Enquirer: 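Let me begin by handing over the structure; questions about it come next.
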Amino acid sequence: MKPHLTLAQQRYARLLAKSFARLTGQLLVAGAEDLSDSALAESLFAAPQAIVSHGTQTDPVFRYANAQALSLWEMDWEAFTRLPSRLSAEARGDVQADRDALLREALGKGWVDSYSGVRISSTGRRFMIDQTVLWNVTDEDGVRHGQAAFIRNWRYL
């Protein structure tokens, strides 16, 4: 079975879509609210925008990436979902400080729109993400399950 189509990942895809819509008033994919869980999971995975999410650990680890994100970071599902999210950006202090400030801002506000920043693939290829929405992944009870990013645009540096 494809890793993004396990029952747990289908439920997580629904959580991503619902929390994004609740916070931003927008849909991650067209018709998301009318799709079955498996169809939604497949639609998110195939979306042309990159979508990633990490968990709530002290040093958060990625728990989701769609096909576009896996291609950008030049990784497969298994490797990506073991990666601490801080390693998706260069280790330079200013880059990490910028990333940390963004995560804190989203934690406080619920979501942040139009973020831009430099990221790095597993092979060291640098790319700029642009027009990115970062949001807190929460359920209807307000329990936080992580943070996610919807990356509208990118370019290689």
Side-chain angles (χ1 to χ4, degrees), residues 3-73 75 77 80-90 95-121 127-155:
H4 67 280
L5 290 178
T6 65
L7 187 56
Q9 285 300 329
Q10 288 180 44
R11 288 180 183 144
Y12 193 67
R14 179 68 60 195
L15 188 61
L16 286 170
K18 280 187 168 185
S19 60
F20 184 83
R22 192 171 44 254
L23 287 165
T24 69
Q26 303 168 40
L27 298 177
L28 274 176
V29 292
E33 66 281 352
D34 297 323
L35 296 173
S36 69
D37 286 352
S38 62
L40 176 61
E42 196 61 70
S43 292
L44 288 180
F45 193 75
Q49 303 84 6
I51 302 169
V52 298
S53 176
H54 66 219
T56 59
Q57 305 93 329
T58 302
D59 187 11
V61 174
F62 282 115
R63 63 181 294 181
Y64 180 83
N66 71 351
Q68 190 61 256
L70 294 173
S71 176
L72 271 176
W73 271 276
M75 300 177 88
W77 178 276
F80 195 86
T81 56
R82 289 191 304 262
L83 181 71
S85 63
R86 66 181 159 74
L87 297 179
S88 68
E90 291 180 299
V95 173
Q96 288 295 319
D98 179 54
R99 181 186 165 279
D100 292 345
L102 169 73
L103 295 175
R104 280 192 308 276
E105 183 179 358
L107 270 177
K109 293 180 179 177
W111 67 290
V112 175
D113 196 3
S114 297
Y115 170 75
S116 297
V118 176
R119 295 296 177 264
I120 189 166
S121 77
F127 56 98
M128 172 70 74
I129 60 173
D130 192 33
Q131 295 183 350
T132 298
V133 177
L134 181 76
W135 78 98
N136 295 329
V137 180
T138 57
D139 59 28
E140 274 95 17
D141 296 326
V143 175
R144 193 169 61 83
H145 295 265
Q147 289 182 310
F150 178 73
I151 304 166
R152 292 184 183 105
N153 296 307
W154 58 88
R155 69 181 183 285

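Keep in mind it's a predicted model, so treat the numbers as computed, not measured.
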Enquirer: Would you check if the side chain of N66 reaches a backbone N or O of I51 as a donor-acceptor pair within less than 3.5 Å?
Expert: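 Yes, N66 side chain to I51 backbone: donor-acceptor pair under 3.5 Å.
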Enquirer: Are any of the side-chain heavy atoms of L134 and Y115 separated by less than 4.5 Å?
Expert: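 SC-SC contact between L134 and Y115 ruled out.
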Enquirer: Under the side-chain hydrogen bond (donor to acceptor under 3.5 Å, both in side chains) test against D37, which residue among R14, Q10, Q9 passes?
Expert: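 Option passing the side-chain hydrogen bond (donor to acceptor under 3.5 Å, both in side chains) with D37: R14.
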Enquirer: From Q57 CD over to S85 OG, what is the distance, rounded to the nearest 0.5 angstrom?
Expert: 8.5 Å
Enquirer: Looking only at heavy atoms, what is the nearest atom pair of A89 and I120, with distance?
Expert: C-CG2, 3.7 Å
Enquirer: Quick check: does any side chain N or O of W111 sit under 3.5 Å from a backbone N or O of L23, one acting as donor and the other as acceptor?
Expert: yes
Enquirer: What heavy-atom pair brings L5 and S38 nearest, and what distance separates the two atoms?
Expert: CD2-O, 3.8 Å
Enquirer: Give, for atom CG of L72 and atom CD1 of I129, the distance between the pair rounded to the nearest 0.5 Å.
Expert: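 Reported to 0.5 Å precision, the distance equals 9.0 Å.
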Enquirer: Indicate the atoms forming the closest heavy-atom contact of A65 with L70, along with that distance.
Expert: CB-CD2, 3.7 Å
Enquirer: Only one of R22, K18, Q147, H145 clears side-chain hydrogen bond (donor to acceptor under 3.5 Å, both in side chains) with T138; which?
Expert: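 Single side-chain hydrogen bond (donor to acceptor under 3.5 Å, both in side chains) partner of T138 among R22, K18, Q147, H145: R22.
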Enquirer: State, to 0.1 Å, how close Y64 and A41 come at their nearest heavy-atom pair, and which atoms those are.
Expert: OH-O, 4.4 Å
Enquirer: Which residue pairs pass the ring pair (Phe, Tyr, Trp, His ring centres under 6.0 Å) test with at least one member in residues 16-44, sequence neighbours excluded?
Expert: F20-W135, F20-F150
Enquirer: Salt bridge or not for R11 and D139, using N-O below 4.0 Å?
Expert: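 Judged by the 4.0 Å cut-off on N to carboxylate O distance, R11 and D139 do not form a salt bridge.
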Enquirer: So how far is it from S19 OG to R144 CZ, rounded to the nearest 0.5 Å?
Expert: 11.5 Å
Enquirer: From Q131 CD over to W154 CH2, what is the distance, rounded to the nearest 0.5 angstrom?
Expert: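 The CD atom of Q131 sits 11.5 Å away from the CH2 atom of W154.
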Enquirer: Is there side-chain contact between F62 and M75, with heavy atoms separated by less than 4.5 Å?
Expert: no
Enquirer: Test your reading of the model: is there a side-chain donor-acceptor pair from S43 to the backbone of A39, 3.5 Å cut-off?
Expert: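 Yes; at least one donor-acceptor contact below 3.5 Å.
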Enquirer: What is the minimum heavy-atom distance between V29 and L40, and which atoms define it?
Expert: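 Scanning both residues completely, I find the closest heavy atoms to be CG2-CD1, 3.7 Å.
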Enquirer: Does any pair with a residue in residues 28-55 pass ring pair (Phe, Tyr, Trp, His ring centres under 6.0 Å), and if so which ones, sequence neighbours excluded?
Expert: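 The answer is H4-F45.
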Enquirer: Are D59 and R86 close enough for a salt bridge, meaning some N to O gap below 4.0 Å?
Expert: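 Counted as a salt bridge, because a side-chain N and a carboxylate O are separated by less than 4.0 Å.
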Enquirer: How long is the gap from CG on L44 to CD on Q49, to the nearest 0.5 Å?
Expert: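 Taking CG in L44 and CD in Q49, the distance rounds to 10.0 Å.
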Enquirer: Within the structure provided, determine whether D113 and T24 are in side-chain contact (heavy-atom separation under 4.5 Å).
Expert: no
Enquirer: Specify the closest pair of heavy atoms between V137 and S53, including all atoms of both residues, with the distance to one decimal.
Expert: CG2-OG, 4.1 Å
